[in-house]
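Protein chains get the first letters and strands the later ones, always in sequence-line order, with residue 1 at the start of each.
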There are 2 protein chains.
Amino acid sequence: MSTNIPSFSGSFTLPGEAGFEQLTLQLAKKWGADTIRDSDGTQLSPEITQSGYSIYSTICLVRSVQPWARKNPHKLQQNFLMSRPVVAAKPSVTISLLDGYYTEQFVVNVKDSPKQWWQVFDRTTGGEVPKAKWSVDPKKGAVIITGATPGHRYTVNFLAFRIWEEISMYNHLTNNWGDREHLSAVDPMHPETQKALLAYLDGWLRDHADTRVVRFTSMFYNLTWFWGADHKRLRDVYTDWADYEMTVSPRALKLFEKKYGYKLTSEDFVNGGLYNSTHNAPTRRYRDYMAFMHDFVIEFGRKCVDLVHKHKKLAYVFYDDNWIGVEPSSPRFHEFGFDGLIKCVFNAFEVRLCAHSRGVSTKELRLHPYLFPTGLKGEPTFQKNGGGNPTLDAKNFWIDARRGIVRAPIDRIGLGGYLSLVEPWPDFQDYIEKVANEFRLLKSFHKGDKPHVAPFKVAVLTAWGDLRAWTCSGHFMANVELYHVLEALSGLPLDVQFISLDDIAQNGVPRGVKAIINCGRAGTAWSGGAHWADPRVETAITEYVQRGGGLIGIAEPSALPQAGQNFRLARVLGLDRDNGERVANGRYKYDLSPKHFITEELADVTLDFGPKEIDNIYVFDGDTHVHAERPGEASPRLATHAFGKGRAVYMSGFKFTYENTRLLHRALFWAAAHEAKWGVWHSENLNTEATYFPKRKKLVVINNAGTPQATRITLANGRTAKTVNLEAHGIAILDM
Amino acid sequence: MSTNIPSFSGSFTLPGEAGFEQLTLQLAKKWGADTIRDSDGTQLSPEITQSGYSIYSTICLVRSVQPWARKNPHKLQQNFLMSRPVVAAKPSVTISLLDGYYTEQFVVNVKDSPKQWWQVFDRTTGGEVPKAKWSVDPKKGAVIITGATPGHRYTVNFLAFRIWEEISMYNHLTNNWGDREHLSAVDPMHPETQKALLAYLDGWLRDHADTRVVRFTSMFYNLTWFWGADHKRLRDVYTDWADYEMTVSPRALKLFEKKYGYKLTSEDFVNGGLYNSTHNAPTRRYRDYMAFMHDFVIEFGRKCVDLVHKHKKLAYVFYDDNWIGVEPSSPRFHEFGFDGLIKCVFNAFEVRLCAHSRGVSTKELRLHPYLFPTGLKGEPTFQKNGGGNPTLDAKNFWIDARRGIVRAPIDRIGLGGYLSLVEPWPDFQDYIEKVANEFRLLKSFHKGDKPHVAPFKVAVLTAWGDLRAWTCSGHFMANVELYHVLEALSGLPLDVQFISLDDIAQNGVPRGVKAIINCGRAGTAWSGGAHWADPRVETAITEYVQRGGGLIGIAEPSALPQAGQNFRLARVLGLDRDNGERVANGRYKYDLSPKHFITEELADVTLDFGPKEIDNIYVFDGDTHVHAERPGEASPRLATHAFGKGRAVYMSGFKFTYENTRLLHRALFWAAAHEAKWGVWHSENLNTEATYFPKRKKLVVINNAGTPQATRITLANGRTAKTVNLEAHGIAILDM
């Protein structure tokens, strides 16, 4: 069954391109665009800007004032770095600070007193080296330690200015821009910088009379990206999508101390070279610093937005790149006064991430493929002779994004890049027209309606909670299980919320939640790491399950080693992990349990949970039912356990596949003790998904596969069924 | 080439059997026995004991006084147990203490004041429950906690008497002995018990006039073996070959406090249910307790031995079963005054373990197969209709043991069990004759000579050091890497010593050591666990390598997490493990290095390091050379790193194979910077090994394979070679 999608226009942003005015206007019409934008590397001609379309213009403020930056090198952005560890061979040790780092990105900051801000550590003892025992050689960019103990490891935490803004650096080096100027980012933490930026913005707004929407890329501070000297062997020494490392400065630290009443040290940022990766459970001190910086970004960001509004334009913000401190999932995000939020999406969870933000009236997605010769994942997208197939790429990206769009309201979509590239690809032009129409139809269903969801709430429990809802730290990383879980959840008919261990400690399990997912490796922010040290968390979740709640533990849920126990919730899960300390402890020999509600739709129980599943899981007794185990090893991969009036499910890993998505969906229903409600508005074929809009009485069925699919849909009572045929990547809309 | 082994007699202990006197005396002659023994289940008739052979008789003292034991149930041995964790649902919690334990082994000890000795823990908070908040119900064998917090986990540490001695229990249950008496073990910690035991021993010595050697099995306390209620699902709740758990009693704890000036608690023994497994790094408090108990066992053991000597008999001790506190590797072992030590051996490292002991004049091996219908590993050894092949079994056991015997002096060998079983197996009778003659020849070479070894010393570094030399904790366990390493080392021409991290902290690396092996999983006693917290250990080993020493790290060497580093010796090894906290940290992209001295003899570098190798290893830079990596994952399996004037080798696992034994041998030479000395008295064929006795000028070549082998032997200069042909399992002796 194929559905005729009505063709209507609007809600679409087209990247225009000067020199291709005819194509721009022709495709704007074909794709139903209401807005034309510029992109990195393209400009709009007056013929376009004055064609009656709404005009978007991009601006990256911190990179915008290069002459001022050159005159104020000590007001560039900076950060703490840890030197490479050096093992002392003699009492005198010289440490070259930038050894291993990319010196076109970093310059040691010797201007702000090193003795005040830096720290030298003896990592063998863990102690700080007294300031009297080290000195700086500014010319050599080195620290000399005297009285070192031979055989000990030493590191220096030091401040470095960043003289090349990372996005500019990346584009420059990727595209071989030769001697084109290296743009650097100024630090708005200084009042003088703020003044220069506001003056620039004011002038820019005057110069862009035709612009209706100012798109900030993004605000002031980049996600963290420390480059190495050897771009072939170790380009990314450290990189994290949500880490505040690159916001730091002596001024910020002083203001922090004034506000919070205590002093942060370099080691709060360096953390032995681990920095404050979002993947690791955050400390209280770092969370305080984030709050401080969020505050600052809101404060100065609001001034910029106000100026845009003063010029009668709208202010949108890009949810990537220089987005640190913006925090669109924060309850304070609305204070910026932004009119729109734009998210570039590869996956369904990024759609949900964008939709999740509160405090803007417009949420827009930048779809892939970008109109670049080569896709961001290296595909030869628009290369005729390179095997490019932009239409197929677009279909595959669309079915991923669509799973999220059908579940959560999005206001606009759009593309970016060089429009001229699509000229030789008429089928691509046709497919984008189809996508635009499909999007507009789905958007219309969300208006005044909400898709049907399961009659219980699902909570994803991490150390971050809602602040990092619908992502871990940026784009999909295959080796982090929670991304896979989020991608699965993004398209499921569930009411999902994100809670932190702190939330649980303070307020208990939120009302209505019947299934909690805790998924991740020991020590990570996703499993919860040290946040499990608060016994209130274990207590609250244990009691919640005792009283009938459901728990899904994946990989190393609630992991925090105690003597004899590794998972805090081991007794709830009915199993634990042996981290190697139980060589002398016997393991209960279980039998594999027969089929279960959870595994009913699996062809067999040869689960694919990815290449790095957790091993050495053992059950306590026969109350834990093991449904799948590791080949050749009695270590459960899938187990269920009744606990009190509640239920727990354990999975030793997770990988986003349609089969595992169904498995997770069923596990949630079983954990929530809602098996009886299974199958309402449900599409049985694993490659397809159904969404019911109850007020509009529309049933949307999507085909997530690249081949035609037939499926049975069970309706409101969970039994009566309809059969639907879908073309490859197709969609069907049924009036119910 | 096959060598004619001369036939001479002596140094052989034969198990005699009443009713088979002719066979006994005939085989005693054939095998060159000088001694006849009884075994569990067999007796010797006067015809045997008075035949002119030396007579061994076995005695297990603590099991010997059953009538006294029945009259003194509160002087049976006891131990702490941890109850199963119970999660509170209400403020009142009842914990059935022996739930899950085998109640024919354990009886709760309510006689010694529970409030004084027991502890109740809230494992959720980690705190002890005040004594006022719990009470004991002796009838129900339960503890009732009041004022518990719902959702918290509670456990009780309690004392339990053991009413069935474990070896007796095992034999009884394995052989279905029905209603035969359950023997229990009395605790010699009580002076009254000592009196009863000495009186019994005195009578027994009088009754055994023909006995020349009293073989103790062993002294007083069994290795730890806690049985579960469900023998099918979880028979061994906890078992450890070298753990002192089963020595504890209120009296011992009081005496300890008096002597050491501080009090041990139940949790020092229970440790959250992990007890004090030898596989885990020991605490200072537990080491103190071991020293205390060793002291006691020596003190009372000496009295028993003196009594034996008073009766003009010799006292041998069995190195297994009730051996706790005996500690044949202890420098104090000689204080017992034993005349002999008997070790049952499956493997070469057990031969070395026996040979390693100081303080007895005679070291004897009990070889496998035991003369039982079924072998200890389940083989149908002497079952004609069950596919038994005792001769092949004997060959395979012999080639394993022989690797150790050729390297270290052993005084005697012998068999155990039912001699009558060998009657229908003439080829077995012939093969044992051959083994006995081979053994006597090898023994003669050791007399006044020492096998040639590499010109540098090798040290195995663990938390235990020499006290657990040549074993981890008992027989081979496949999942503990160090056993595999020990089995490899046992047959290599190396001077191996065992040092502890404490030894290093206090005295540095011993003189002459040029290669240190640290092998094990994080947290284990073998890797070192918390003992690495002392920075002196890292410092000493780092300096030792800086100055030219060699380090072999296997699995998770020196593992003790610090911020940003997991292996304490990471900088020496040139690599570290990512335990999951480095998602945001980049990894240096290495190239696989070409062949190396270490891998020269490998057919390829598809190493077999066992099924549980360590993953997520990363190198710091190009100074680390990676020779093998995990399939599909850039995680080094074999790497070399020059550090200062020294060298380090990393292996991600180890499995005892002849190929890996060669790899380890070469790795040691390379680490010690002695490649130039490689190949002295060296047999090139991986299945064979050569040992040179320099004073006797004998070169012994053994074939460790079940097929004929040819090999080139390089001689003293490492170049000149001889070719030797060996039959399956064979040996060749060359006069040089």
Side-chain angles (χ1 to χ4, degrees), chain A residues 85 87 89 100 123-126 149-153 228 232-240 243 271-275 277-280 473 477 479-480 521-524 535 538-540 542-543 546 562-565 571 579-590 611 621-622 632 644, chain B residues 85 87 89 100 123-126 149-153 228 232-240 243 271-275 277-280 473 477 479-480 521-524 535 538-540 542-543 546 562-565 571 579-590 611 621-622 632 644:
Chain A
V87 180
R123 296 283 179 187
T124 299
T125 64
T149 309
H152 284 211
R153 288 171 278 134
K232 190 181 153 216
R233 301 286 182 180
L234 183 56
R235 191 192 66 181
D236 304 331
V237 172
Y238 176 85
T239 177
D240 189 286
D243 172 337
N271 190 22
L274 295 177
Y275 301 99
S277 165
T278 308
H279 295 282
N280 298 335
S473 186
M477 296 171 89
N479 59 343
V480 175
R521 302 270 161 159
T524 62
E538 177 188 332
T539 311
T542 302
E543 284 201 271
Q546 277 176 324
Q562 294 178 286
Q565 181 161 323
R571 293 286 147 186
N579 284 345
E581 69 282 16
R582 300 183 70 83
V583 176
N585 295 78
R587 289 190 187 178
Y588 181 89
K589 293 187 185 77
Y590 56 80
D621 52 40
Chain B
V87 180
R123 297 283 178 186
T124 299
T125 64
T149 310
H152 284 211
R153 287 171 278 134
K232 189 179 154 217
R233 301 288 182 178
L234 182 56
R235 192 193 66 180
D236 304 332
V237 172
Y238 175 83
T239 177
D240 188 285
D243 173 336
N271 190 23
L274 295 177
Y275 303 97
S277 166
T278 308
H279 294 282
N280 298 335
S473 187
M477 296 171 88
N479 59 343
V480 175
R521 302 273 161 157
T524 62
E538 177 188 333
T539 310
T542 303
E543 283 200 273
Q546 277 176 325
Q562 294 177 285
Q565 181 163 322
R571 293 286 146 186
N579 283 346
E581 70 282 18
R582 300 183 72 82
V583 175
N585 294 78
R587 289 190 188 178
Y588 180 88
K589 292 187 186 79
Y590 56 79
D621 52 40

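- Proximity to chain B is limited to the backbone of A/Val237, based on heavy atoms less than 4.5 angstrom apart.
- Highest contact tally toward chain A, considering only B/Gly580, B/Gly100, B/Gly523, B/Pro150, is held by B/Pro150 [criterion: heavy-atom pairs under 4.5 Å].
- Judged by distance alone, the side chain of B/Glu581 and the main-chain N or O of A/Thr524 form no donor-acceptor pair under 3.5 Å.
- Residues A/Gly151 and B/Glu543 share a closest heavy-atom pair of CA-CG, 3.9 Å.
- Contacts between B/Val87 and chain A at a heavy-atom distance below 4.5 Å involve backbone atoms as well as side-chain atoms.
- Residue A/Asp243 does not touch chain B at all, counting heavy-atom pairs closer than 4.5 Å.
- Between the side chain of A/Asn585 and the main chain of B/Gly273, a donor-acceptor pair closer than 3.5 Å is present.
- Residue contact with chain A, scored on non-hydrogen atoms closer than 4.5 Å, involves the side chain of B/Arg571 exclusively.
- Most heavy-atom pairs under 4.5 Å with chain B, from the set A/Thr542, A/Thr124, A/Asn579: that is A/Thr124.
- Closest heavy-atom contact between B/Gly564 and A/Leu274: N-CD1, 3.5 Å.
- With sequence neighbours left out, B/Ser277 forms a side-chain contact (heavy atoms from CB on, under 4.5 Å) with A/Ala584, B/Tyr238, B/Asp240, B/His279, B/Asn280.
- Here CZ of A/Arg235 is found 16.0 Å from OH of B/Tyr588. Values are rounded to the nearest 0.5 Å.
- Between A/Leu234 and B/Gly586 the shortest heavy-atom distance is CD1-C, 3.6 Å.
- For A/Arg123 against B/Gln562, the heavy-atom pair with the smallest separation is O-NE2, 2.8 Å.
- B/His152 meets the ring-ring contact (aromatic ring centres under 6.0 Å, His included) test with no other residue; sequence neighbours excluded.
- Side chains of A/Arg233 and B/Arg587 form no contact here, defined as non-hydrogen atoms less than 4.5 Å apart.
- The two atoms that bring B/Arg153 and A/Gln565 nearest to each other are NH1-OE1, 3.0 Å, heavy atoms only.
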